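Here the structure is laid out as structure tokens; the discussion comes afterwards.
None of these values were measured; they are calculated from a predicted model. Counting convention: from 1, in listed order, for ligands and their atoms alike.
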Amino acid sequence: MTGAAGFIGSHTAVELMAAGHDVVGVDNFANSSPGAVERVHRLADGRFTFVELDLRDRTSLNELLRRRPVDAVVHFAARKAVGESVDIPLDYYDTNVNATLGLVSVMLERGVNRLVFSSSCSIYGEAESMPIREDAPARPTNPYARTKWMCEQILADVCQRHPDWQVTSLRYFNPAGAHPSGLLGEDPRGVPNNVLPYIAQVAVGRRAELSIFGDDYPTPDGTGIRDYIHVVDIAEGHRLALEALGEATGHRVINLGTGHGTSVRELLTAFSAACGRELPSRVVARRPGDVAELVADPSLARELLGWKATRDVADMCRDAWNFQRHNPNGYAETDRGGTEQ
Ligand code: UFG
């Protein structure tokens, strides 16, 4: 598993190990913390091996897979902030595309042909109709989304050339929430880009108020609507995708979403209920590049993987708050965090 110390990687590692898989995780901690690795070890029952490694270092990756052969790869490692990708596009192409090229060539060399790839609904750009199905046209609108789209195309071409390859790209919508243990959660560096970790930091007193980016969208309350999906549901989706790889060769693309939209105001209300006080907010200008609404049609995941999200926005807020209040400064205080529930 690449990016094993990240938000979705750490949760997926725990999910896989609970189902009996052994996981070899790698991460270079570019946007994650060793504290997350320590927490995964605590939840992993001895099934977790971790190696600090940069995927662009193909020699070390090759050597790792020689020493520690694997049946399949789950590839999360990437940069993922839309705004930042506009500022430093080359870093995005290097980290996301170049690293994927390196990973795939090492897999070819070592005879590993099964892969679950972490893709993104941002590939759809401004979709014409909601909810979004996988056959909607790809219209990425920023470098980040383009890197994900390029990686998908690279994987499709590799599958074309090597018909025994089995690859699933999971395009997920807005991951949120945290592990119910309170040990794992989202710990962004600096000011959070995403709305839920921002609200969580308002709730714990690290930020004064939420800035709502526009309330003049053509939605019922005027604020943007997204398909928030619990990170544990995403983790389960990865496990099922991994376990289903043997059912088909070639490259498959599958959405992971709930099919339900939630506005920024509704999310704030739900988080206020979870933390027991009304959280302050202020409406500011729209954020450039934002769209009014993004909601998945998740029916293909149900059909092909037997997967369906079972956790709602109230669960996401409860679990995110549980992580945040026990880890007010994220993984910086690893010895303070976590409660067993
Ligand atoms: N929002 C606010 N205030 C904030 C942050 C966000 O009002 O401080 C609003 C946004 O305007 C939007 C909603 O909250 O309406 C969600 O914004 P996020 O930044 O949390 O999520 P995005 O949908 O913009 O982006 C996410 C991921 C990307 C991914 C994209 C796919 O961060 O990596 O989904 O659409 F590409």
Nearest-neighbour protein heavy atom for atom 1 (N) of ligand 1, which is reported as residue plus atom name and distance: F213 CD1, 3.6 Å

K80 N/O under 3.5 Å from ligand 1 N/O: yes

E236/R239 salt bridge by N-O under 4.0 Å criterion: no

Heavy atom of the protein closest to atom 32 (O) of ligand 1 (residue, atom name, distance): N194 ND2, 2.6 Å

Side-chain heavy-atom pair D215, D221 within 4.5 angstrom cut-off: no

Atom 3 (N) of ligand 1: nearest protein contact (heavy atom, Å): S211 O, 2.7 Å

Electrostatic pair E38:R42 at N-O distance under 4.0 angstrom: yes

Protein residue, atom and distance nearest to atom 17 (O) of ligand 1, heavy-atom basis: R287 NH2, 3.3 Å

Side chain proximity check, T12 to M1, heavy atoms < 4.5 angstrom: yes

Lys/Arg-Asp/Glu bridge criterion (N-O < 4.0 Å) met for E109, R58: no

Within-shell test, Y172 vs ligand 1, heavy atom, strictly < 4.0 Å: no

Nearest-contact summary for atom 21 (O) of ligand 1 - protein heavy atom, Å: N174 ND2, 3.1 Å

N-O pairing of D54 and R56 below 4.0 Å: yes

Residue, atom name and distance, where the atom is the protein heavy atom closest to atom 20 (O) of ligand 1: V195 N, 2.9 Å

Closest protein heavy atom (residue, atom, distance) for atom 9 (C) of ligand 1: V264 CG2, 3.6 Å

F173 touching ligand 1 at heavy-atom level, < 4.0 angstrom: no

Whether over 12 other heavy atoms sit under 6.0 Å from D87 CG: yes

Minimum-distance protein heavy atom relative to atom 31 (C) of ligand 1: C121 SG, 3.3 Å

